[in-house]
J.: 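One structure, as structure tokens, below. Some questions next.
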Amino acid sequence: MNKEELIKIRRDLHQIPELGFREFKTQEYLLATIMQMNRTNIHITKWETGLFVFVKGLNPKRTIAYRTDIDGLPIVEETGLPFGSVHRENMHACGHDLHMTIALGALDEISSNPINDNVLFIFQPAEEGPGGAEPILKSDTFKQWEIDKIFALHIAPELPVGTVSSREGILFANTSELFIDFKGKGGHAAYPHLTRDMIVTASTFVTQLQHIISRKVDPLDSGVITIGKMTAGTVQNIIAEKARLEGTIRTLQPETMSIIKTELENMIAGFQIAYDCEITTDYGSMYYQVYNHGQCVSEFREIMKDAGIHYTEANSAMTGEDFGYFLKDTPGFMFWLGVESDYGLHHSKLNPNEDAIIVGVKAVTDTLRKMK
Ligand SMILES: CC(=O)N[C@@H](CCC[C@H](N)C(=O)O)C(=O)O
């Protein structure tokens with residue numbers, strides 16, 4: 001596939017972002033594109049709304065897997081691009097449209113000019129939530145291939161095009177979603193003493209939460225609690241009976257996640273007494289850290305040097321990725337691909353530079369060809 005063809009694919013996919021396990025049009029588009037390649041050495045298996053594409057090697061002694069995520073986010077796009085999302089409520093604001101395009105480009109290269117190894121391309125649903133990697137790993141479909149190595153990439157808006165970045169050890173954090181429901185007693189705005197106001201309670205709770213990070217987590221360790229959504233109340237002169245907080249917890253150590261959750265539960269017990277209310281918690285989906293295999297990263301550095309792609313050493317990031325579950329079982333790594341956008345991941349104006357696609361295809365293809 002040439003650059004123009006890849007850009008067309010990226011723009012087509014950008015227009016149809018779908019949420020986790022609802023990637024129906026995306027799956028259809030991917031399937032049609034792969035069928036058009038018209039290769040006899042590939043075998044496609046549908047899994048939920050994702051796909052596995054197995055490319056038979058010339059002299060296979062092992063199977064290398066390459067994984068892309070395929071879902072979008074519930075964000076209303078504000079890029080103003082002519083190929084903007086036609087699904088108004090959703091956007092590819094985390095670059096999965098580029099991730100898929102690069103995987104298709106690499107699949108085209110590898111299937112037209114096969115290597116000795118078998119290669120399994122995984123088009124994984126629901127990375128943004130509720131998580132597709134864990135169910136894939138548990139599925140009998142996936143178990144049949146017994147992969148030996150695996151890798152993946154993620155776009156990096158802050159890095160220039162032509163640059164990739166990674167590190168040995170921890171790249172992405174442990175994550176846990178967080179949903180907290182408050183129930184008190186509603187009533188007339190003029191009689192607060194006869195009610196239990198959940199807007200006041202939940203707001204106080206949000207500010208207190210940050211003390212868990214500043215006073216319960218070792219300052220030399222790292223943790224983040226973000227509340228991204230707060231809902232409460234019905235109208236301006238009624239005291240809210242209910243409130244709901246939705247957020248996420250991030251830590252660099254799995255043990256720190258347990259500390260934060262214990263402190264959170266303690267805080268909830270205290271708030272129930274102090275504010276005379278009921279509080280229930282749900283942790284939603286949790287992702288294991290992305291821990292890169294040292295040897296794989298050092299090989300990747302050399303492969304990038306030979307490919308003429310600039311490599312820089314990455315810091316650990318508090319982003320999450322369920323790709324971490326694959327790395328728990330199989331040696332491999334994840335890397336950042338520079339796409340230089342003025343707006344970052346999960347922003348309604350994220351606009352990756354499409355020149356990065358060709359760099360991504362080369363980085364992935366060369367790694368598949370040269371990985372020891
Ligand atoms: C790369 C990236 O942005 N990943 C997401 C993963 C979301 C995990 C889960 N839904 C959560 O919010 O905890 C991220 O937000 O880091």
Side-chain angles (χ1 to χ4, degrees), residues 17-23 67-75 90-100 102-103 124-136 151-159 164-167 170-180 209 213 222-230 244-254 256-258 260-261 264 281-292 314-328 333-339 341 343-350 352 356 360:
E18 296 165 295
L19 301 185
F21 289 122
R22 282 181 247 162
E23 303 95 335
R67 174 273 205 173
T68 174
D69 36 22
I70 68 168
D71 54 322
L73 281 158
I75 293 179
N90 302 338
M91 177 185 172
H92 271 302
C94 202
H96 300 189
D97 49 346
L98 273 84
H99 298 177
M100 287 185 271
I102 291 166
Q124 182 213 298
E127 185 275 326
E128 298 292 351
E134 257 196 313
I136 281 182
F151 68 107
L153 67 73
H154 203 292
I155 63 157
E158 66 288 355
L159 288 179
V164 293
S165 181
S166 193
R167 76 192 307 273
I170 187 152
L171 185 70
F172 285 4
N174 298 274
T175 73
S176 171
E177 294 178 348
L178 177 62
F179 302 96
I180 309 177
L209 261 182
I213 300 296
S222 287
V224 171
I225 306 178
T226 292
I227 299 297
K229 186 173 176 186
M230 181 171 183
R244 179 172 168 85
L245 303 178
E246 298 179 35
T248 177
I249 308 171
R250 312 290 167 103
T251 67
L252 284 188
Q253 312 287 339
T256 311
M257 182 62 79
S258 306
I260 290 177
K261 286 189 175 172
L264 188 69
T281 322
D282 174 3
Y283 290 113
S285 67
M286 290 167 233
Y287 293 174
Y288 189 68
Q289 62 198 17
V290 172
Y291 194 92
N292 282 341
N315 290 324
S316 306
M318 300 308 268
T319 31
E321 248 285 0
D322 62 351
F323 182 66
Y325 287 117
F326 287 106
L327 294 181
K328 226 176 161 185
F333 69 103
M334 176 165 241
F335 67 95
W336 291 109
L337 174 76
V339 296
S341 162
Y343 296 92
L345 299 175
H346 294 198
H347 196 284
S348 56
K349 292 185 179 168
L350 173 79

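Here, residue 1 is the first one in the sequence, and each next residue gets the next number. For ligands, and for the atoms within them, numbers begin at 1 and follow the listed sequence.
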J.: Which atoms of ligand 1 sit under 4.0 Å from any heavy atom of His154?
T.: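 Matching atoms, with element in brackets: 1 (C).
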J.: With the side chain counted from C-beta on, respond yes when Asp71 and Gln124 share a heavy-atom pair under 4.5 Å apart, and no when they do not.
T.: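 Asp71 vs Gln124: side chains apart.
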J.: Considering only non-hydrogen protein atoms, determine which one is nearest to atom 8 (C) of ligand 1 and report residue, atom name and distance to 0.1 Å.
T.: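 Ranking protein heavy atoms by distance from atom 8 (C) of ligand 1, first comes Tyr287 CE1, 3.4 Å.
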J.: Atom 9 (C) of ligand 1: which protein heavy atom is closest, and how many Å away?
T.: Glu177 OE2, 3.4 Å
J.: What protein heavy atom lies closest to atom 13 (O) of ligand 1? Include the residue and the distance to one decimal.
T.: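 In this structure, atom 13 (O) of ligand 1 has Thr248 OG1, 2.8 Å as its nearest protein heavy atom.
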J.: What protein heavy atom lies closest to atom 3 (O) of ligand 1? Include the residue and the distance to one decimal.
T.: His346 NE2, 3.1 Å
J.: In chain order, what residues pass the salt bridge (Lys or Arg N to Asp or Glu O under 4.0 Å) check against Arg250, with sequence neighbours excluded?
T.: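 Not a single residue meets the salt bridge (Lys or Arg N to Asp or Glu O under 4.0 Å) criterion with Arg250.
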J.: So how far is it from Phe333 CZ to Leu171 CG, rounded to the nearest 0.5 Å?
T.: 10.5 Å
J.: Taking 4.0 angstrom as the limit, do Arg67 and Asp322 come out as a salt bridge?
T.: yes
J.: Can you report which non-hydrogen protein atom sits closest to atom 2 (C) of ligand 1, along with the distance?
T.: Gly320 O, 3.4 Å
J.: When the ring planes of His154 and Phe172 are compared, do they come out parallel, tilted or perpendicular, using 30° and 60° as the limits?
T.: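 Perpendicular.
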J.: Report the member of Arg250, Met286, Glu128, Met318 with the shortest heavy-atom distance to atom 15 (O) of ligand 1.
T.: Arg250
J.: Numbering the atoms of ligand 1 from 1, which are under 4.0 Å from a heavy atom of Thr175?
T.: 13 (O)
J.: Could you tell me which residues satisfy side chain to side chain donor-acceptor pair (under 3.5 Å) with Glu18, sequence neighbours excluded, listed by chain and number?
T.: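 For Glu18, the residues satisfying side chain to side chain donor-acceptor pair (under 3.5 Å) (neighbours in sequence not counted) are Thr26.
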